[in-house]
Colleague: 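The structure's right below; bear with me while I get my questions together.
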Amino acid sequence: MIFSKTLIHWYSNNKRNLPWRETQEPYCIWLSEIILQQTQVKQGLPYYQAFVGKFPTVFDLAKADESDVLKLWQGLGYYSRARNLHASAKYVASELKGTFPDNYKDLLKLKGVGDYTASAIASICFNEVAAVVDGNVYRVLSRYFGVCTPINSTKGPKEFKALAQELIDKDNPAEFNQAIMEFGATQCKPKNPYCHICPLNNSCIAFNKNKIHELPVKIKSAKAKKKYFNFLVFVSEDGKTILEKREGKGIWQNLYQFPLIETKNELKIESFEKAVENHKLLNDMPFEYSLYNKELLVHKLSHQHLYTKFWIINTKQLPIEGVPVSKAQEFAVPILIGNFIEEFNF
DNA sequence: AAGGCGGGGGG
DNA sequence: CCCCCAGCCTT
């Protein structure tokens, strides 16, 4: 009781001014929540503005091509969010005639909407008493109540969800949910939290036992694997290049890239011809090549470190259908490719 | 139950 | 170098 009242009071005095806090429109709240999954406000904000600007309603989003949605999402990462966003927009627009589900249980049926997002939308838009548990909530609760259960263990999410559901202000679930998250984001931060001015420091177990830096507990994940990516940047005499759509599983699904050769180790320039001698795009075709970046370009993802080289392949004609280099910027590409296109400037 | 999925920023 | 971020889906 004191806990929730204190948080809500703190929130009223300290909340940031953010566009999705000016509305209870399910479309806008849903959009903001998807964008903000595993993403900080600072990073997601411009994307939210762009999406609301280009797709003001769920119908606008539903009738767009997936490629346009991915293009607007470019650079934000976790691209399954964009694909699921688009699929759910089509579902809501056609099956539900534009009306979003108005409760936790039905919201869960939307692709890309899990426990957290369903709770957020249900509480913010419809005042349902559904507690959110995100990274901020884990941190605030584990510290204040001294909970040592690893947040990424099997029982972790259940335990914290139950605790949050117990604590939520039944009369004001929307304010409580947003208050505890904002508190975790700007006050009870991962590093250097402002404990000395914290309105809860009297009763915070971690603070009083000097365990702030130990909580929350998280099981360490495996180290990132190294991969060696070699992109073939074709440039033909008539000013075309080749971009391919990434299919199947793995990273960057449905985004475009230059034809890729993945190697076990760094591909040196002396070994390039040998490495591509049986490549379907280069077979029996005269070409000249050069290495664009002498040093490996390292692109770090959460679970992979990509050691990358861009190989420029000059040819008279392209082996397959290509795209004018001037159109390359219109494709949705990983930021690794996007940065290259911008810098290379064909 | 475990693994995969981006990119940016902070310390 | 590490960790964290308004998590979710697949296997």
Side-chain angles (χ1 to χ4, degrees), chain A residues 11 15-16 18 20-21 29-48 70 73-85 87-88 107-121 123-124 130-140 150-158 160-161 164 174 176-186 188-193 213-225 227 246 248-255 298-306 332-339:
Chain A
Y11 182 60
K15 68 175 175 182
R16 288 168 289 181
L18 298 169
W20 48 84
R21 289 185 176 156
I29 300 301
W30 166 68
L31 186 54
S32 72
E33 293 299 345
I34 301 298
I35 287 173
L36 292 171
Q37 286 168 5
Q38 295 288 278
T39 304
Q40 301 199 133
V41 166
K42 184 181 177 185
Q43 189 187 4
L45 181 54
Y47 287 85
Y48 174 80
L70 283 171
W73 198 272
Q74 179 176 306
L76 194 55
Y78 285 142
Y79 296 92
S80 65
R81 292 184 292 171
R83 300 191 303 271
N84 288 333
L85 183 83
S88 290
L107 283 160
L108 264 187
K109 296 173 185 168
L110 301 180
K111 281 187 183 178
V113 173
D115 180 83
Y116 163 77
T117 305
S119 301
I121 300 172
S123 62
I124 294 171
V132 295
V133 179
D134 72 338
N136 295 305
V137 176
Y138 282 125
R139 188 167 53 256
V140 173
I151 62 175
N152 54 343
S153 62
T154 301
K155 51 190 292 192
K158 297 177 202 247
F160 282 92
K161 175 79 178 182
F176 175 85
N177 277 343
Q178 294 177 88
I180 191 170
M181 290 192 286
E182 186 79 344
F183 184 77
T186 68
C188 192
K189 300 181 297 173
K191 301 283 175 63
N192 305 320
H213 59 288
E214 297 173 26
L215 293 170
V217 176
K218 190 172 183 180
I219 301 166
K220 294 196 190 307
S221 52
K223 274 185 61 179
K225 292 179 178 174
K227 290 191 173 183
R246 285 185 69 96
K249 303 177 188 303
I251 59 174
W252 303 330
Q253 197 178 116
N254 292 9
L255 272 66
V298 187
H299 185 70
K300 294 185 176 181
L301 308 180
S302 297
H303 303 282
Q304 302 177 26
H305 290 181
L306 309 178
V333 297
I335 204 64
L336 172 64
I337 303 294
N339 289 341

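So that the names make sense, note that chain A is the first sequence line, chain B the second, and so on, each numbered from 1.
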Colleague: Could you tell me whether A/K158 atom NZ has more than 12 heavy atoms of other residues or ligands within 6.0 Å of it?
Modeller: no

Colleague: Please identify each residue that fulfils side-chain contact (heavy atoms from CB on, under 4.5 Å) with A/K227, with sequence neighbours left out.
Modeller: A/F229, A/E262, A/Q304, A/L306

Colleague: Under 4.0 Å between any heavy atoms, over every strand shown, what does A/T117 touch: base, sugar-phosphate, or nothing? Just pick one.
Modeller: sugar-phosphate

Colleague: Hey, which of these two, A/G112 or A/E33, hits DNA chain C nearer its 5' end, going by closest nucleotide?
Modeller: A/E33

Colleague: Report the distance from atom NZ of A/K158 to atom C1' of B/dA1, rounded to the nearest whole Å.
Modeller: 11 Å

Colleague: Once side-chain contact (heavy atoms from CB on, under 4.5 Å) is applied, do any residues pair with A/Y78, and if so which ones, sequence neighbours excluded?
Modeller: A/Q38, A/R81, A/S302

Colleague: Please enumerate all residues that pass side-chain contact (heavy atoms from CB on, under 4.5 Å) together with A/T154, with sequence neighbours excluded.
Modeller: none

Colleague: Using atom P of each nucleotide, how far apart are B/dG11 and C/dA6 to the nearest Å?
Modeller: 15 Å

Colleague: Tell me whether the count of non-hydrogen atoms from other residues, nucleotides or ligands lying under 6.0 Å of NZ in A/K111 goes above 12.
Modeller: no

Colleague: For the pair made of CG in A/N152 and P in C/dG7, what is the distance, rounded to whole Å?
Modeller: 14 Å

Colleague: Given side chain to side chain contact (heavy atoms under 4.5 Å, CB included), test A/W73 with A/I34 step by step and report yes or no.
Modeller: CA-CA 11 Å; A/W73 198 272; A/I34 301 298; 4.0 Å; yes

Colleague: One character per nucleotide, please: for nucleotides 3-11 of chain B, 5' to 3', B when the base has a protein heavy atom closer than 4.0 Å, S when only the sugar-phosphate does, - otherwise.
Modeller: --BBBS---

Colleague: If you assign each of A/K220 and A/N136 to its closest nucleotide in DNA chain C, which residue comes earlier from the 5' end?
Modeller: A/K220

Colleague: Considering every strand and a 4.0 Å limit on heavy-atom distances, what is the contact class for A/W30: base, sugar-phosphate, or nothing?
Modeller: nothing

Colleague: Give DNA chain B the dot-bracket treatment, 5' to 3': Watson-Crick (N1-N3 with N6-O4 or O6-N4) or G-U (N1-O2, O6-N3) under 3.5 Å, [ ] crossing, | other strand.
Modeller: |||||.|||||

Colleague: Using side-chain contact (heavy atoms from CB on, under 4.5 Å) as the criterion, list what pairs up with A/P150, not counting sequence neighbours.
Modeller: A/N152, A/S153, A/V217, A/I219

Colleague: Would you mind classifying the nucleic acid contact of A/V113 as base, sugar-phosphate or nothing, using non-hydrogen atoms under 4.0 angstrom?
Modeller: sugar-phosphate

Colleague: Roughly how far apart, to the nearest Å, are C/dT11 and B/dG6 at atom P?
Modeller: 15 Å

